[in-house]
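I'd like to ask some things about the structure below.
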Amino acid sequence: MLVTEALVITVQTMWLLLPLFISNPTAVFFGNDKPIDGGRTWRDGKRILGDGKSWGGLIGGTLTGILGGLIMVLIIHNTSASQYWLFGNNTLQVVKNICLISFGALFGDMIASFFKRRANFKRGKAVPGLDQYDMIVGVCVLLAVFSRPWFIQQFLDSTRWVGLIGVFILTPILHRVANIIGYKIGIKQVPW
Ligand code: CTP
Ligand code: MG
């Protein structure tokens with residue numbers, strides 16, 4: 001396969017996953033003092049998710065990602081863009097997939113926090129690998145379960161999987177840049 005072809009597929013895959021790259025970082029802006037776990041602890045006596053996972057962050061981040069996805073649709077609407085730039089073939093599918101991608105990011109992030117608490121990591125402690133990929137894995141799982149044909153068609157079929165590999169390579173870089181910006185402008189306590 002040509003390098004250019006791989007790059008195009010990666011850009012297309014990245015475009016389709018953009019709502020997740022919006023919902024995850026914007027959750028920081030909406031974080032509040034209403035923890036999703038309600039302050040409750042697991043059987044090991046440690047918090048289920050911790051104070052870093054709040055309803056404000058979950059809802060605010062998800063809605064911002066959905067809004068971003070809808071704006072993307074407006075941009076691409078009425079252009080000659082191929083199906084690989086579209087979230088589906090009809091309005092219902094488009095909205096559903098945008099919601100799954102946007103929510104999936106924070107869902108994956110929540111599952112990661114659950115395991116971080118079990119492994120005794122304090123809130124905000126960096127766990128290389130998990131921190132970068134939790135959101136993409138969350139999205140892939142939700143799409144594979146609730147939007148399987150579209151997921152296979154756009155992300156796995158024929159040469160499409162190349163795009164996912166590309167995104168996996170680019171994600172740690174984007175994650176790092178976003179966190180450094182968040183730290184510099186004072187919305188994140190740590191630059192990771
Ligand atoms: N945030 C939130 N609700 C979410 C996700 C994120 O309120 N569902 C906010 C919190 O203020 C959180 C910040 O965004 O501290 C950064 O998110 P993240 O790095 O995912 O959380 P951590 O503080 O690192 O907590 P954890 O150790 O559980 O990952
Ligand atoms: Mg963190």
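Read the numbers this way: they start at 1 and go in the same order the structure lists the ligands and their atoms.
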If you measure from atom 28 (O) of ligand 1 to every heavy atom of P25, S113, P35, which option wins on shortest distance?
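Of the listed residues, S113 has the closest heavy atom.
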List ligand 1 atoms under 4.0 Å from G31, heavy atoms only on the residue side.
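In order of number, 7 (O).
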Taking Q154 for the side chain and F87 for the main chain, is one N or O donor matched with an acceptor at less than 3.5 Å?
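Judged by distance alone, no pair lies under 3.5 Å.
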For the side chain of D37 and the backbone of G50, is there at least one donor-acceptor N/O pair under 3.5 Å apart?
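Confirmed, D37 side chain pairs with G50 backbone.
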Are V167 and V8 connected into the same hydrophobic cluster when the rule is that any two of I, L, V, M, F, W, Y join if their side-chain heavy atoms are below 4.5 Å apart?
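No: no chain of side-chain contacts under 4.5 Å links V8 to V167.
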Can you confirm whether or not the ring centre of W55 sits under 6.0 Å from the ring centre of F30?
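Between F30 and W55, which both carry aromatic rings, the centre distance is not below 6.0 Å.
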Under a 3.5 Å distance rule, please check whether S23 uses its side chain to pair with a backbone N or O of G65 as donor and acceptor.
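Here the side-chain-to-backbone pair does not exist.
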Top protein contact for atom 19 (O) of ligand 1, by heavy-atom distance
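Its nearest protein heavy-atom neighbour is K188 NZ, 3.5 Å.
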Does an N or O anywhere in S54 fall below 3.5 Å from an N or O of ligand 1?
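Among all N and O atoms of S54, at least one is under 3.5 Å from an N or O of ligand 1.
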Taking side-chain hydrogen bond (donor to acceptor under 3.5 Å, both in side chains) as the test, write out the residues that go with K53, two or more places apart.
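By the side-chain hydrogen bond (donor to acceptor under 3.5 Å, both in side chains) rule, K53 matches D109, S113.
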Counting only heavy atoms closer than 4.0 Å, does ligand 1 sit against the backbone of V28, its side chain, both, or neither?
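Contact part for V28 vs ligand 1: both backbone and side chain.
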Under the rule for ring-ring contact (aromatic ring centres under 6.0 Å, His included), what residues qualify as partners of F114, not counting sequence neighbours?
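If we apply the ring-ring contact (aromatic ring centres under 6.0 Å, His included) test to F114, skipping adjacent residues, the hits are W42.
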Using modelled atom types only, decide if a donor and an acceptor are shared between the side chain of T79 and the backbone of I76 within a distance under 3.5 Å.
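Confirmed, T79 side chain pairs with I76 backbone.
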From atom 9 (C) of ligand 1, work out which of S23, G52, G50 has a heavy atom at the shortest distance.
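The nearest heavy atom belongs to G52.
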Would you mind checking if D131 and K116 are paired as a salt bridge, meaning a charged N to carboxylate O distance below 4.0 Å?
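Salt bridge: yes.
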Mode of R117 contact toward ligand 1 - side chain, backbone, both, neither (heavy atoms, under 4.0 Å)
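Side chain only.
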Which protein non-hydrogen atom lies closest to atom 21 (O) of ligand 1, naming both residue and atom, and how far is it?
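Answer, as residue, atom name and distance: K53 NZ, 3.3 Å.
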Could you check which of M135, R123, K122 puts a non-hydrogen atom nearest to atom 11 (O) of ligand 1?
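When every heavy atom of M135, R123, K122 is considered, R123 comes closest to atom 11 (O) of ligand 1.
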Would you say G124 touches ligand 1, if touching means a heavy atom closer than 4.0 Å?
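In this structure, G124 qualifies as a contact of ligand 1 - some heavy atom is under 4.0 Å.
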Examine ligand 1 and decide if any of its atoms is less than 4.0 Å from a heavy atom belonging to M110.
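The answer is no, since M110 has no heavy atom less than 4.0 Å from ligand 1.
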Per-atom contacts of ligand 1 with D109, taking only distances under 4.0 Å to non-hydrogen atoms
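Checking each atom against D109, I get 5 (C), 20 (O).
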Taking distance alone, with no angle check, do K116 and ligand 1 share an N/O pair under 3.5 Å?
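For ligand 1, there is an N or O atom that lies under 3.5 Å from one belonging to K116.
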